[in-house]
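The structure appears below as structure tokens.
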2 protein chains.
Amino acid sequence: MYQPTVTEENYLKAIYHLSNTGTKSVNTSSIATSMETTAASVTDMLRKLSDKEWINYEKYKGVKITRKGEKVALGIIRKHRLWEVFLTNILEFEWDEVHNMAEELEHVSSEELIKRLDKFLGHPKFDPHGDPIPDQTGKMESHDKFNLSAGEAGEKYIITGVTDHSTLFLKHLRKYGLLPGVTVSIAEIMDYDKSMLVKVSKDKFHLSLEVSKNILIKKYVSSK
Amino acid sequence: MYQPTVTEENYLKAIYHLSNTGTKSVNTSSIATSMETTAASVTDMLRKLSDKEWINYEKYKGVKITRKGEKVALGIIRKHRLWEVFLTNILEFEWDEVHNMAEELEHVSSEELIKRLDKFLGHPKFDPHGDPIPDQTGKMESHDKFNLSAGEAGEKYIITGVTDHSTLFLKHLRKYGLLPGVTVSIAEIMDYDKSMLVKVSKDKFHLSLEVSKNILIKKYVSSK
DNA sequence: TTATAAGTTTAGACAAATCTAAAAATAGTA
DNA sequence: TACTATTTTTAGATTTGTCTAAACTTATAA
């Protein structure tokens, strides 16, 4: 119906993420924080997004994304994650370097371009951070991830993703070789601060709760 | 010094092209035509570009691009042409399909991205339309092109580019296999309308002056 | 339950890029 | 040269996305 502007696309993406990630309701101030702007600006934009039927919005009552809005958001997320795969796999950037470039590339409008990029990359299912890539209809895989901080001593896990996508955090993980696909065994969990001693291939090291909380894992299954 | 906006980048690109292409001076109305906007809007923008020292501008006296402005323009042109190579060589688009996508991709800001893209593509010297790609310092090859309409009967030439970049024209040329690199012999030039009978591999066909005027060629050299 | 705090919206303003209509400057021509 | 036509600029508005400060609503807690 309407063609969203770049700003509208970014708001819808933020609202989509807030709807699915946090447990709190999607309110004006949480959007303001995630968009790094003021509550007043958000209110203005919510009216516009509501007029275009991408969200349901009632004053003082918070926001719910509509089917239409979700479709826009998933389209942008698809583009973002495909470009991230391109940047790491083809142009050989590190996983902590690609986010800002993908933030720009995701707004390039051609659907045909993204279709061909997807094909060229071999229809990847996950981006370099382990996040699933929606297909053209918006569907995506979602394996039952949980936090490394909820893992048990003596168990073996595979890293599937992260919840903190900041460059600082990703760089930190890269230093330890903690990338999606890597196997981690928990040797010990400290009672005092919930920090853990982990083993990755032949290295052993300490992870704070702050770090383990932001790493997503699945159970290690030996065969296949 | 200043970071140009997308609009400023597009104005500088247009002014650069007008400075180098046409013989007429770069005046307000020619910029307005090429930017598909009004003379009033152009005047406003010229003041801004002048404030930022990308052009020298005197009221009613027309415009001259500065070194700084030329550097900005060449950076955009470099990005545009590298993305065009990517779209045709890697994503297998036709040469008449890539322009609009490249118009968006050229404004993605990362210098490192374009450096790696250039490397990935094998440091190409020309884009799919035969236009030279500036290097990081703004230098580019410029072989002595001339118009096919200035060619002589009985002579053999190699297509090096086009002067009309419209989809309509490029599609027309593609139908005849008239692409950069292809060899063309002029069999006959009609006195009446300056149309020409040309031979391309085994095909023979007629080209109007309208068409031949927009094809760039160089002399065919048999060895090497 | 009422006072206060927290969160949200409105009002009014601004910068960027654009427009139309009118005024001013330059160019072309008799 | 002087008149007219063309080109360019100015003036005043508009749209998008933003801001601060003030007003308003909802939540919290004595």
Side-chain angles (χ1 to χ4, degrees), chain A residues 1-15 18-19 22-65 69 72-73 76 103-104 106-107 109, chain B residues 1-15 18-19 22-65 69 72-73 76 103-104 106-107 109:
Chain A
M1 200 76 84
Y2 296 99
Q3 190 61 37
T5 66
V6 168
T7 313
E8 286 168 341
E9 287 182 345
N10 284 331
Y11 269 94
L12 287 171
K13 192 174 50 146
I15 292 167
L18 289 168
S19 307
T23 47
K24 310 148 204 155
S25 81
V26 183
N27 52 12
T28 305
S29 52
S30 64
I31 298 168
T33 305
S34 110
M35 293 292 296
E36 296 184 310
T37 184
T38 61
S41 303
V42 173
T43 300
D44 286 346
M45 182 53 81
L46 293 184
R47 201 163 314 105
K48 285 180 205 168
L49 295 177
S50 181
D51 287 349
K52 290 171 180 168
E53 298 183 329
W54 289 317
I55 57 169
N56 288 317
Y57 168 59
E58 270 185 278
K59 287 203 295 187
Y60 298 104
K61 294 281 165 61
V63 160
K64 229 181 154 186
I65 197 161
V72 174
I76 301 302
E103 291 278 297
E104 293 186 59
E106 72 188 10
H107 301 292
S109 62
Chain B
M1 200 74 86
Y2 296 98
Q3 189 61 39
T5 66
V6 168
T7 313
E8 286 169 342
E9 286 182 346
N10 284 330
Y11 269 95
L12 287 171
K13 192 174 51 147
I15 292 166
L18 289 167
S19 307
T23 46
K24 309 148 205 160
S25 81
V26 183
N27 52 13
T28 304
S29 53
S30 64
I31 298 168
T33 304
S34 110
M35 292 292 294
E36 297 185 307
T37 185
T38 61
S41 303
V42 173
T43 301
D44 286 346
M45 182 53 82
L46 293 183
R47 200 164 314 105
K48 287 182 205 168
L49 295 176
S50 181
D51 287 348
K52 292 173 180 165
E53 298 183 329
W54 289 318
I55 57 169
N56 288 317
Y57 167 59
E58 270 184 279
K59 288 203 296 186
Y60 299 102
K61 294 279 165 58
V63 160
K64 230 182 155 181
I65 197 160
V72 174
I76 300 301
E103 290 278 297
E104 294 187 57
E106 71 189 9
H107 301 292
S109 61

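Residue numbers start from 1 in every chain, and the chains themselves are labelled A, B, ... in the order their sequence lines are given, proteins ahead of strands.
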What is the distance, rounded to the nearest whole Å, between atom OH of B/Tyr2 and atom P of C/dA15? 15 Å

Do B/Ile31 and B/Thr37 have side chains that approach each other closer than 4.5 Å (heavy atoms only, starting at C-beta)? no

Round to the nearest Å and state the distance from A/Lys61 atom NZ to C/dG7 atom C1'. 14 Å

Relative orientation of the end axes in the helix from C/dT1-D/dA30 to C/dA30-D/dT1, expressed as an angle to the nearest 10° (five pairs per end): 10°

I'd like to know whether A/Ile65 forms a side chain to side chain contact (heavy atoms under 4.5 Å, CB included) with A/Val26, so could you lay out the CA-CA distance, the side-chain angles of the two residues, the decisive distance to 0.1 Å, and finally the verdict. CA-CA 9 Å; A/Ile65 197 161; A/Val26 183; over 6 Å; no

Check the distance between C/dC19's P and B/Met35's CE and give it to me in whole angstrom. 10 Å

The correct set of residues in residues 50-60 of chain B placing a heavy atom under 4.0 Å from DNA chain D is B/Tyr57, B/Lys59, B/Tyr60

Roughly, in whole Å, what's the span from OH in B/Tyr11 to C1' in C/dA16? 11 Å

Output the rounded distance in Å from CG (A/Asp44) to C1' (C/dG12). 11 Å

Spacing between A/Lys48 atom NZ and C/dT10 atom C1', to the nearest angstrom: 15 Å

Report the residues that fulfil side-chain hydrogen bond (donor to acceptor under 3.5 Å, both in side chains) with A/Lys48, sequence neighbours left out, ordered by chain and then residue number. none

Protein-nucleotide distance (A/Met45, atom CE; C/dT9, atom P), rounded to Å: 14 Å

Any chance you could measure A/Lys64, atom NZ, to A/Glu58, atom CD, to the nearest 0.5 Å? 12.0 Å

Just to verify, what does B/Glu104 make a salt bridge (charged side-chain N to carboxylate O under 4.0 Å, His left out) with, not counting sequence neighbours? none

Using a heavy-atom cut-off of 4.0 Å across all strands, would you classify B/Thr7 as base, sugar-phosphate, or nothing? sugar-phosphate

With a 4.5 Å heavy-atom cut-off, do B/Ile15 and B/Leu49 have their side chains touching? yes

Who are the side-chain hydrogen bond (donor to acceptor under 3.5 Å, both in side chains) partners of A/Ser29, not counting sequence neighbours? none

Nucleotide interval of DNA chain D bounded by contacts with chain B (heavy-atom cut-off, under 4.0 Å): D/dT8 to D/dT10

Is the shortest heavy-atom distance from the side chain of B/Glu106 to the side chain of B/Lys13 under 4.5 Å? yes

Quick one: is A/Thr43 getting a side-chain N or O under 4.0 Å of the C/dT9 phosphate, OP1 or OP2? yes

Below 4.0 Å: OP1/OP2 of C/dT9 and any side-chain N or O of A/Arg47: no

Once you round it to whole Å, what is the distance between P of C/dT18 and CD1 of B/Ile31? 13 Å

When all nucleic acid strands are considered with a 4.0 Å heavy-atom cut-off, which category describes B/Ser29: base, sugar-phosphate, or nothing? sugar-phosphate

Decide yes or no for B/Val63 and B/Leu18: does some side-chain heavy atom of the first lie under 4.5 Å from some side-chain heavy atom of the second? no

Given DNA chain C, 5'-ward residue of the pair B/Glu8 and A/Leu46, judged by closest heavy atom: A/Leu46

Heavy-atom side-chain proximity of A/Tyr11 to A/Thr5 below 4.5 angstrom: no

Would you indicate what B/Thr38 reaches in the nucleic acid, counting non-hydrogen atoms under 4.0 angstrom: base, sugar-phosphate, or nothing? base

OH of A/Tyr60 to OG1 of A/Thr43, rounded to nearest 0.5 Å, is 8.5 Å

Assess, by modelled atom type and distance only, whether the side chains of B/Asn27 and B/Ser30 contain a donor and an acceptor separated by less than 3.5 Å. yes

